[in-house]
Amino acid sequence: DAGVIQSPRHEVTEMGQEVTLRCKPISGHNSLFWYRQTMMRGLELLIYFNNNVPIDDSGMPEDRFSAKMPNASFSTLKIQPSEPRDSAVYFCASSPITGPPALHFGNGTRLTVT
Amino acid sequence: AQSVTQPDIHITVSEGASLELRCNYSYGATPYLFWYVQSPGQGLQLLLKYFSGDTLVQGIKGFEAEFKRSQSSFNLRKPSVHWSDAAEYFCAVGAGSQGNLIFGKGTKLSVKP
């Protein structure tokens, strides 16, 4: 079991640039979650998918943020254009869709927007 | 609305001492409850979970937690802390078959030699 894989681990970009974060969930997990972690707000759920379909995107802060899950083994979170206040650690997690929740987290992407 | 409160932002204990981290939740039904640990630069690792049944649950690394419905609490305990336990600990609540969890703000644990 390779766990949830996120890339890149670190991303530094300039304000206004497009940023794409990537996630590969654990094989067989049908639910995928994107969380953002900041000192001020802690861990916030941005969006989650069941069977590649977005279920709840109410946590996505604004239209600059978008997420896709084109297949069961890949998801992206895109920020366009990026702003300094987007600087945070972004976590992807996956879980089996049936039964009680059991989230497995990736190691996160630390995003710095200058 | 669901919420999780971890009243202690930072706790320092001596190595070998006992530990209790507090967690209170607000939820209208029987919740699923979790404790996660995060080491610097790492993701969150599941320590233990409560779904139903015995209210005292055992987890990895010698941790346990007790669900007390009357107090809406799910406190994490360890009888003897090791220096390697220094990390940030997060309590979380979930519901139903949907996996989205609501996390507390975390408690940072420091361990004195």
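Letters go in sequence order (proteins before strands), and every chain restarts at 1.
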Please tell me whether [X] and [Y] are part of a single hydrophobic cluster in this structure, the criterion being side-chain heavy atoms less than 4.5 Å apart.
X: Leu111(A); Y: Leu43(A); result: no
X: Trp34(A); Y: Phe90(B); result: no
X: Ile47(A); Y: Phe91(A); result: no

Taking atom CG of Asp63(A) as the centre, report whether more than 12 heavy atoms of other residues, nucleotides or ligands fall under 6.0 Å from it.
no

What do you reckon, is CD1 of Ile60(B) surrounded by more than 12 foreign heavy atoms closer than 6.0 Å?
yes

Leu45(A) CG to Leu101(B) CG distance, which is reported to the nearest 0.5 Å:
8.5 Å

Sidechain-backbone polar pair: Tyr36(B) side chain, Phe105(A) backbone, donor-acceptor under 3.5 Å:
no

Donor-acceptor pair, side chain of Arg110(A) and main chain of Gly41(B), under 3.5 angstrom:
no

Chain A contact via Gln38(B) - side chain, backbone, both or neither, heavy atoms under 4.5 Å
side chain

Do you know which of Gln37(A), Met39(A), Gln6(A) has the most heavy-atom pairs with chain B at a distance under 4.5 angstrom?
Gln37(A)

Is Leu44(B) close to Tyr35(A) at the side-chain level, that is, under 4.5 Å between some pair of heavy atoms?
no

